[in-house]
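Encoded as structure tokens, the structure appears first; notes follow it.
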Amino acid sequence: MPDCATAVPSPSVPVRPLARTVSDLVVVVERRQDFRWPDPDGRVMTAGAYVAARPARPRRVINLCRHADYLSAGYYASLLAEARGDRVTPALRTLADLVGAGTGPGAGQADLADSLADLNPRLVHLPPPPAGVARHAANIYFGRTPDVGLTDVAARLFQRLDCPLMCLTLAYGEGAWRIASVAAMGTDAVPRMHDVFFLNALEAHARRRWQRPRGPAAASFTLAVLHDPADPLPPSKASTLAHLSRVGLDLGVRVEVIGRRDYRHLAQFDGLFIRETTAVPHHTFRFARKAEALGIPVVDDATSILRCTNKVFLAETLAGHGVATPRTRLVTRATVAEVGAALTFPAVLKVPDGAFSRGVERVMDIDAFHRVAAALLARSQIILAQDYLPTAFDWRVGLLGGEVLFVAQYYMCPRHWQIVRHAADGSHDEGATRAVAVADTPPAVLAAATAAARLMGNGLYGVDLKQLPSGEVVVIEVNDNPNLDVGAEDRAAGPLLWRRVIGHFLTAAGRAPMPGSTAVSAADLPAGSQPAAERAALARAAAVRAAVA
């Protein structure tokens with residue numbers, strides 16, 4: 001964390017302890033010594049203790065961990081808080097913005113500074129700096145700063161970013177100040193001369209009524225499809241995107257395939273469909289965030305990427321809402337021995353952000369467990385251990401906007417325990433895919449998938465499930481970027497699937513298909529023109545939605 005202390009001394013104001021009426025408040029730090037101030041009510045706890053705690057009701061969480069980068073202790077504190085329904089400051093989306101989830105050095109900060117440019121006019125009252133000085137840094141604590149000239153900007157930054165401790169850096173050029181960067185701070189960056197100011201700001205924030213941060217207002221359509229032709233396992237093949245383009249033309253929508261180099265041209269489009277494998281420290285996440293800032297509909301949205309690409313969030317959220325999953329334990333360096341002793345073998349170990357069967361290892365005994373766990377914990381502060389539940393195939397239920405889009409069975413790769421088998425040379429094999437009509441899908445599978453997806457958001461999800469010999473259905477995970485290919489996932493749903501995908505963007509943008517085009521949804525078709533399978537599938541899906549509502 002940079003030392004961003006300003007030269008302005010803090011006011012000499014007596015500090016009051018946190019109000020005892022704020023009984024649900026928790027302050028999370030990386031190490032207990034990171035919070036050097038009094039804690040009369042015992043509200044401060046370490047990130048490790050917070051991870052291990054299982055509260056009975058939602059709490060207010062202030063995350064003051066000094067490290068907030070991807071998969072760090074601070075990242076997991078906010079991630080688990082959101083998964084558990086706690087109201088956390090900063091939110092996971094804020095951390096992703098502030099640590100710079102871009103693909104190159106400073107990429108995320110450049111985007112953030114651009115998004116805050118509307119605040120620059122509020123700096124015009126500041127005097128020019130002394131000769132030879134071109135930058136100025138100010139600490140912001142819960143929207144307050146000892147730098148009196150920046151009081152208004154500090155409050156607006158906190159309202160927008162919702163980060164408790166920030167370092168604001170201003171740059172002077174062409175006769176004006178502008179925001180150059182905003183970085184999250186740890187408590188170790190609070191100078192002792194600011195102790196009283198910091199504690200008073202913390203106390204005032206603790207007494208505030210909870211408010212969600214304000215983001216840019218959504219605005220308003222050509223549909224951009226982000227695709228990487230070099231991806232060996234793309235969520236949609238090039239032939240599928242060509243088919244989607246033909247469907248779009250029928251609906252009055254122009255589909256244009258773009259790549260990562262088109263980031264700065266995103267404002268030219270009216271919607272964004274991400275058909276690349278997503279990740280948080282990746283350009284796909286930056287595209288999603290920029291689309292949201294521009295107010296254009298995007299699939300996958302940034303929140304769905306944050307939630308679905310991390311299996312720790314999934315495990316906590318599904319368990320907290322009573323969705324059946326394989327028995328799952330969170331493993332840290334401190335708990336690895338305890339978890340290993342309680343496992344039944346074989347077992348499965350997973351890194352939180354693995355995809356396409358990568359980062360997922362089956363361990364047959366305790367020695368293999370410790371060896372593989374040590375390797376995976378070198379990549380992430382937390383990993384998962386799950387019961388191994390062998391089945392011939394996994395169910396995959398695709399949902400879009402809360403509606404069942406398709407159902408498929410993904411079979412295990414021959415002579416392998418996973419759907420995808422990766423070879424040491426980088427090649428891979430995949431098991432077979434069998435599309436299933438919604439009307440022929442067990443209701444328990446549809447109900448579990450719908451309940452799980454609803455916890456993630458309102459985007460496009462592929463829910464993976466297993467149906468055990470006992471008939472019990474368990475959710476394995478919820479994918480934010482599920483496969484959609486012509487001749488595979490659409491084989492049972494037919495043309496309706498692609499019309500519904502395009503229709504989702506039209507609806508989100510407040511548009512209607514052009515006159516004379518094919519209907520977007522089967523509900524718009526005359527009853528006699530609907531294929532019987534489509535009518536039955538939609539009726540079955542409606543019944544399931546009503547049952548789980």
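Since we're looking at a predicted model, the values are computed, not measured.
Considering all non-hydrogen atoms of both residues, Ser380 and Ile382 come closest at OG-O, 2.7 Å. Nearest heavy-atom pair across Arg329 and Ala342 is NH2-O, 3.6 Å. The nearest pair of heavy atoms linking Ala448 to Leu465 is CB-CD2, 3.6 Å. Residues Met412 and Thr391 share a closest heavy-atom pair of CG-O, 3.5 Å. Contact record, Pro326 with Ile476: CG-CD1, 3.6 Å, taken as the closest heavy-atom pair. Shown here for Leu241 and Arg275, the closest heavy-atom pair between the two residues is CD2-CG, 4.1 Å.
Taken from CE in Met456 to CZ in Arg307, the straight-line distance is 7.0 Å, to the nearest 0.5 Å. Distance CZ/Phe406 to CG/Leu496: 13.5 Å, rounded to 0.5 Å. In this structure, CD1 on Ile274 lies 4.5 Å from CD1 on Ile305, to the nearest 0.5 angstrom. Atom CG of Asp262 is separated from atom CZ of Arg264 by 12.5 Å, given to the nearest 0.5 angstrom. Separation of atoms OG1 (Thr240) and CG (Asp485) is listed at 3.5 Å; rounding is to 0.5 Å. How far CZ of Arg289 is from OG1 of Thr303: 7.5 Å, rounded to the nearest 0.5 Å.
Proximity of Tyr76 to Pro352: side-chain heavy atoms (C-beta onward) are separated by under 4.5 Å at one or more points. Pro297 has its side chain out of reach of Leu272: every pair of non-hydrogen atoms, C-beta onward, lies at least 4.5 Å apart. By the 4.5 Å heavy-atom criterion applied to side chains, Phe505 and Val299 are counted as neighbours. Side-chain contact check for Glu276 versus Pro234: every heavy-atom pair is 4.5 Å or farther apart. Between Arg59 and Tyr50 the shortest side-chain heavy-atom distance falls below 4.5 Å. Looking at heavy atoms from C-beta onward, Val336 lies in side-chain contact with Phe369 at the 4.5 angstrom threshold. By the 4.5 Å heavy-atom criterion applied to side chains, Gln268 and Thr222 are not counted as neighbours. You'll find the side chain of Thr277 stays beyond 4.5 Å of the side chain of Leu233, heavy atoms only.
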Q: Decide side chain to side chain contact (heavy atoms under 4.5 Å, CB included) for Arg333 and Gln381; before the verdict, give the C-alpha distance in whole Å, the side-chain angles of both, and the deciding distance to 0.1 Å.
A: CA-CA 8 Å; Arg333 291 182 181 87; Gln381 292 274 333; 4.3 Å; yes
Q: Please assess Leu405 against Arg500 for the test side chain to side chain contact (heavy atoms under 4.5 Å, CB included), listing each intermediate value before the final yes or no.
A: CA-CA 8 Å; Leu405 184 66; Arg500 289 177 61 192; 4.0 Å; yes
Q: Would you please test Leu80 and Phe313 for side chain to side chain contact (heavy atoms under 4.5 Å, CB included) and show each step?
A: CA-CA 6 Å; Leu80 287 171; Phe313 182 93; over 6 Å; no
(Q) Before you tell me yes or no, could you show the steps for Leu294 and Leu266 under side chain to side chain contact (heavy atoms under 4.5 Å, CB included), namely the whole-Å CA-CA distance, both residues' side-chain angles and the distance that decides it to 0.1 Å? (A) CA-CA 9 Å; Leu294 293 169; Leu266 193 57; 4.2 Å; yes
Q) Between Tyr461 and Glu477, is a side-chain hydrogen bond (donor to acceptor under 3.5 Å, both in side chains) present by the stated rule, with each step listed? A) CA-CA 10 Å; Tyr461 307 109; Glu477 61 188 22; over 6 Å; no
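Counting only distance, with no hydrogens or angles, the side chain of Ser236 and the backbone of Leu484 share a donor-acceptor pair below 3.5 Å. Remark: side-chain polar atoms of Asn310 are paired, donor with acceptor, to backbone N or O of Val312 under 3.5 angstrom. Without hydrogens or angle criteria, Thr450 side chain to Leu446 main chain gives a donor-acceptor distance under 3.5 Å. At distances below 3.5 Å, not a single donor-acceptor pair connects side-chain atoms of Asp86 with backbone N or O atoms of Val61. A donor-acceptor contact shorter than 3.5 Å links the side chain of Arg491 to the backbone of Gly487. Of the possible donor and acceptor atoms, none in the side chain of Thr328 sits under 3.5 Å from a partner among the backbone N and O of Ala315. Thr94 places no side-chain N or O within donor-acceptor distance of the main-chain N or O of Pro90, the cut-off being under 3.5 Å. A side-chain donor-acceptor contact under 3.5 Å links Asp365 to the backbone of Asp367. Under the 3.5 Å distance criterion, the side-chain polar atoms of Asp250 are left unmatched by any main-chain donor or acceptor of Val247. A distance-only check finds a donor-acceptor pair linking the side chain of Thr335 to the backbone of Thr332 [under 3.5 Å].
Between Phe287 and Tyr263, the two ring planes are perpendicular [angle over 60°; tilted spans 30° to 60°].
Taking the ring centre of Tyr388 as origin, the terminal cationic atom of Arg362 falls inside the region bounded by 6.0 Å and 45° from the ring axis.
Arg84 and Glu82 are not joined by a salt bridge, as no carboxylate oxygen comes within less than 4.0 angstrom of a charged side-chain nitrogen. Contact check on Glu292 versus Arg93 returns a salt bridge, with a Lys/Arg side-chain nitrogen under 4.0 Å from an Asp/Glu carboxylate oxygen.
Surrounding NZ of Lys237 are at most 12 heavy atoms belonging to other residues, nucleotides or ligands under 6.0 Å away.
No donor-acceptor contact under 3.5 angstrom links the side chains of Asp464 and Trp395, judged on distance only. Looking at Asn63 and Ser78, their side chains do bring a donor and an acceptor atom within 3.5 Å of each other. Checked by atom type, the side-chain pair Asp480/Thr278 shows a donor-acceptor distance below 3.5 Å.
Between Tyr70 and Tyr75, the distance from one ring center to the other falls under 6.0 angstrom.
Partners of Glu472 by salt bridge (Lys or Arg N to Asp or Glu O under 4.0 Å), not counting sequence neighbours: none found.
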